[in-house]
**Q** 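So that we are looking at the same thing, I have put the structure below in structure tokens.
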Amino acid sequence: MRLAYMSVYRYTHRNGRMASGQIREKEKKRYNSIVFVVWTSVPHRSANMSGADNQRLPLKEKFELMPETLGGQFRKDFPPYLDGLVKSFPHRYVTTPEFAKNAEDVYNLSPRPDDVYISTFPKCGTTWVQELVWMVVNDCDFEKGKKEQLSIRSPFLEMNYMLPTKLAEKFEKEAICRKANSPLVDKIMELLCYWNLMDWLRPFIRKAISLVLGDCLRDLEQIDQMAGPRIIKSHLPLYLLNPQVLNTSKVVYVARNPKDVIVSYYHYHRLLEFHHYTGNLEAFADYFMTDRVYSAPFFPHLLDAWNKRHHPNLHFVFYEDLKRDLRGEIVKISQFLGKKLSDDQLTKLTEHLRFDNFAKNETVNCEIGKEIGLMNNSGHFIRKGKTGDWKNHFSPELNERIDEWMRKNLEGTDLRFITELEQQD
Ligand code: A3P
């Protein structure tokens, strides 16, 4: 199966110099006949993340291409999604073909007792809580925190697989060219791509980028080897994480009301060049509600964690509660992590995490993404930080449709959201 995929990859890759319409048609025909099965038989890495090879856990979830994401309005609205999106079965998780290929490796990362996982659907306040947890675990060492990007201090588990290969290649090439600022380097990079040497050279290129820009990414192997305590961010639903995570490590799950998530995710899809969303908010809300965005579907992600909220190793926190009483929520998270902060530490950490300070903090605000071409200048990653911003964006008609969608999905559950706050910050 892996070989089959490799040949498809080579096929599309080598034909990258054909007219784009021609490629798309050929790719479409070919992809339509392929089921993306997560390779359970051939691990990507020689060193198994769980130890010996015979302990490797097979991932039961399988992935299939979503043919509707290869053409029509969807392709126009998300131009960089050259290979479309895939959906898993039986859980219907939407992701990239690149992640599907590596899902089992991620699943096999061994959890440790001193790990803390920050688990979220995107845009629920992940970065905010990552920094909070890192500070609590590291005894509020603000000086140490300043020295490295949060993405290094607290790595993003599946990040390396979120970019389609061709886009990753493009960003790597552009980052090097921009820094080198020399036509000769441009030419060399072009030739490397032409000869398909980028895959082979990727580790060296990443090293070079890190040397020039500073480290901003850890891959799965680096996460595996990282010294503890590790604070690992992941947008994966719990069933795609190693099944021992909850019994071994601590998990802080952050949830946010879906109306603000839709607005925040919309802006994020416009800001990030690897989404480069060109449609309007209303169309985006439809993509969101019909599970055609990365990490969808929204409700099962949250409900799975909500139903496990009484597990002693899981702490469930709402973004809205952090907005209402940041200090109080820091105390609760510290207790969950077995830490006690002094009054002085609590005061300083609360200030450190306040939106205005956070937005200025270069180790968390991701402005570095603009330097390497991952983000455009249409806005900021740490954007507005409010509960109820949806009221500035939704028409009454759209709001009604979202209410109905929420009602249907929450039926028979006791999960409820706060969508407006009288007082925040
Ligand atoms: P908005 O786009 O609504 O502003 P994630 O880290 O999961 O991607 O979540 C990003 C959202 O959290 C963004 O929401 C961002 O502004 C908000 N956020 C980040 N830091 C924050 C802070 N210190 N206070 C409040 N909101 C914050």
Side-chain angles (χ1 to χ4, degrees), residues 109-120 124-157 218 222-236 238 241-242 244-256 305-306 308-358 361-365 382 385 424-425:
L109 182 85
S110 296
R112 304 180 196 155
D114 60 346
D115 283 344
V116 185
Y117 283 76
I118 314 295
S119 169
T120 62
C124 287
T126 327
T127 321
W128 196 13
V129 174
Q130 256 180 297
E131 177 74 355
L132 186 165
V133 168
W134 189 90
M135 283 295 168
V136 170
V137 169
N138 288 278
D139 300 319
C140 293
D141 192 338
F142 297 102
E143 284 311 308
K144 191 172 164 198
K146 268 189 220 157
K147 289 190 185 129
E148 269 180 333
Q149 286 291 320
L150 179 62
S151 51
I152 288 294
R153 292 182 276 128
S154 165
F156 182 5
L157 181 61
R218 281 191 204 263
Q222 289 168 324
I223 296 174
D224 189 40
Q225 286 151 22
M226 195 177 161
R230 301 181 299 186
I231 291 138
I232 300 176
K233 154 187 170 177
S234 178
H235 289 318
L236 297 174
L238 296 176
L241 297 178
N242 188 298
Q244 290 311 316
V245 161
L246 205 47
N247 290 329
T248 311
S249 314
K250 290 208 155 70
V251 178
V252 178
Y253 189 92
V254 193
R256 188 181 190 185
W306 179 248
K308 296 185 169 90
R309 68 191 183 282
H310 300 304
H311 191 292
N313 282 347
L314 192 132
H315 181 80
F316 195 103
V317 57
F318 285 100
Y319 178 95
E320 292 75 19
D321 286 334
L322 291 158
K323 286 298 297 178
R324 218 165 20 185
D325 177 16
L326 182 54
R327 189 182 173 107
E329 294 302 321
I330 298 175
V331 173
K332 287 186 199 160
I333 293 176
S334 307
Q335 280 166 352
F336 170 69
L337 297 173
K339 292 273 185 180
K340 181 152 176 41
L341 303 190
S342 68
D343 264 7
D344 185 45
Q345 282 176 320
L346 259 177
T347 304
K348 285 192 180 130
L349 182 54
T350 309
E351 260 328 284
H352 177 77
L353 294 171
R354 286 224 180 279
F355 183 83
D356 292 346
N357 294 330
F358 209 69
N361 181 341
E362 285 179 3
T363 71
V364 301
N365 66 15
I382 307 299
Q424 45 190 311
D425 284 337

**Q** List the residues meeting side chain to side chain donor-acceptor pair (under 3.5 Å) with K250, not counting sequence neighbours, and say none if there are none.
**A**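 For K250 there are no side chain to side chain donor-acceptor pair (under 3.5 Å) partners, ignoring immediate neighbours.
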**Q** Could you tell me which residues satisfy side chain to side chain contact (heavy atoms under 4.5 Å, CB included) with K147, sequence neighbours excluded, listed by chain and number?
**A**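 So K147 forms no side chain to side chain contact (heavy atoms under 4.5 Å, CB included) with any residue.
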**Q** For the backbone of W306 and the side chain of R309, can you confirm whether one donor and one acceptor N or O come within less than 3.5 Å of each other?
**A**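 Looks like yes, one N/O pair under 3.5 Å.
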**Q** Looking only at heavy atoms, what is the nearest atom pair of I118 and V254, with distance?
**A**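 Taking I118 first and V254 second, the nearest heavy atoms are CG2-CG2, 4.4 Å.
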**Q** Within a strict 4.5 Å, meaning less than it, do heavy atoms of the V252 and L132 side chains meet?
**A**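 Side-chain contact under 4.5 Å: no.
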**Q** Quick one: pull up CH2 in W128 and CG in L326 and give me the separation to the nearest 0.5 Å.
**A**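 One gets 5.5 Å once the value is rounded to the nearest 0.5 Å.
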**Q** Taking salt bridge (Lys or Arg N to Asp or Glu O under 4.0 Å) as the test, write out the residues that go with R112, two or more places apart.
**A**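 Applying salt bridge (Lys or Arg N to Asp or Glu O under 4.0 Å) to R112 gives none.
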**Q** Below 4.5 Å, heavy atoms only, C-beta onward: do P229 and V116 meet side chain to side chain?
**A**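 No, every pair of side-chain atoms sits at 4.5 Å or beyond.
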**Q** Name all pairs fulfilling the salt bridge (Lys or Arg N to Asp or Glu O under 4.0 Å) condition that reach into residues 225-236, sequence neighbours left out, sorted by first residue then second.
**A**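 Listed by first then second residue: D115-R230.
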**Q** Tell me, please, which residues at least two apart from Y253 pass ring-ring contact (aromatic ring centres under 6.0 Å, His included).
**A**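 If we apply the ring-ring contact (aromatic ring centres under 6.0 Å, His included) test to Y253, skipping adjacent residues, the hits are H301, F316.
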**Q** If you round to the nearest 0.5 Å, how far is OG1 of T350 from CD of Q345?
**A**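 Separation between the atoms: 11.0 Å.
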**Q** Could you check whether any side-chain heavy atom of M226 comes within less than 4.5 Å of a side-chain heavy atom of P155, counting everything from C-beta outward?
**A**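 They are in contact (side-chain heavy atoms under 4.5 Å apart), so the answer is yes.
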**Q** Test of understanding: with side chain to side chain contact (heavy atoms under 4.5 Å, CB included), list the residues that count as partners of T363, not counting sequence neighbours.
**A**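 For T363, the residues satisfying side chain to side chain contact (heavy atoms under 4.5 Å, CB included) (neighbours in sequence not counted) are R153, N361.
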**Q** Is V136 close to L349 at the side-chain level, that is, under 4.5 Å between some pair of heavy atoms?
**A**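 Side chain of L349 against side chain of V136, heavy atoms only: contact under 4.5 Å found.
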**Q** Atom CG in L346, atom CG in L341: separation rounded to 0.5 Å?
**A**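 Spacing of CG (L346) from CG (L341) equals 5.0 Å.
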**Q** Applying salt bridge (Lys or Arg N to Asp or Glu O under 4.0 Å), name anything that partners E351, two or more places apart in sequence or on another chain.
**A**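 Listed in chain order: R354.
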**Q** In chain order, what residues pass the salt bridge (Lys or Arg N to Asp or Glu O under 4.0 Å) check against K340, with sequence neighbours excluded?
**A**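 Residues passing salt bridge (Lys or Arg N to Asp or Glu O under 4.0 Å) with K340: none at all.
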**Q** Applying salt bridge (Lys or Arg N to Asp or Glu O under 4.0 Å), can you list everything that pairs with D139, at least two apart in sequence or on another chain?
**A**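 K339.
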**Q** Donor-acceptor check, side chain of Q130 to backbone of S154, threshold 3.5 angstrom: yes or no?
**A**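 Checking the backbone N and O of S154 against the side chain of Q130, a donor-acceptor pair under 3.5 Å is found.
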**Q** Checking H235 against L157 for the side chain to side chain contact (heavy atoms under 4.5 Å, CB included) test, could you report, in this order, the C-alpha distance in whole Å, the side-chain angles of both residues, the deciding distance, and whether it holds?
**A** CA-CA 8 Å; H235 289 318; L157 181 61; over 6 Å; no
**Q** Among all residues two or more places apart in sequence or in another chain, which pass the side chain to side chain contact (heavy atoms under 4.5 Å, CB included) test with N138?
**A**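 Listed in chain order: W134, K144, I231.
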**Q** Taking only residues two or more places apart in sequence or in another chain, which ones pass side chain to side chain contact (heavy atoms under 4.5 Å, CB included) with Q244?
**A**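 Applying side chain to side chain contact (heavy atoms under 4.5 Å, CB included) to Q244 gives P111, N242, N247, T248.
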**Q** At what distance, to the nearest 0.5 angstrom, does CD of Q149 lie from CZ of R218?
**A**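 Taking CD in Q149 and CZ in R218, the distance rounds to 12.0 Å.
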**Q** If I compare all heavy atoms of V245 with all of L241, which pair ends up nearest, and what's the gap?
**A**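 Heavy atoms of V245 and L241 come nearest at CG2-CB, 4.1 Å.
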**Q** Any side-chain heavy atom of L353 within less than 4.5 Å of one from F358?
**A**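 Yes, side chains in contact.
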**Q** Distance from L314 atom CG to S119 atom OG, nearest 0.5 Å?
**A**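 Nearest 0.5 Å value for the CG-OG distance: 7.5 Å.
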**Q** How long is the gap from SG on C124 to CD on E320, to the nearest 0.5 Å?
**A**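 Reported value, rounded in 0.5 Å steps: 8.5 Å.
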**Q** Side chains of residues 330-338: which donor-acceptor partners sit under 3.5 Å, not counting sequence neighbours?
**A**
residue: K332; atom: NZ; partner: E329; partner atom: OE2; Å: 3.1
residue: S334; atom: OG; partner: I330; partner atom: O; Å: 2.7

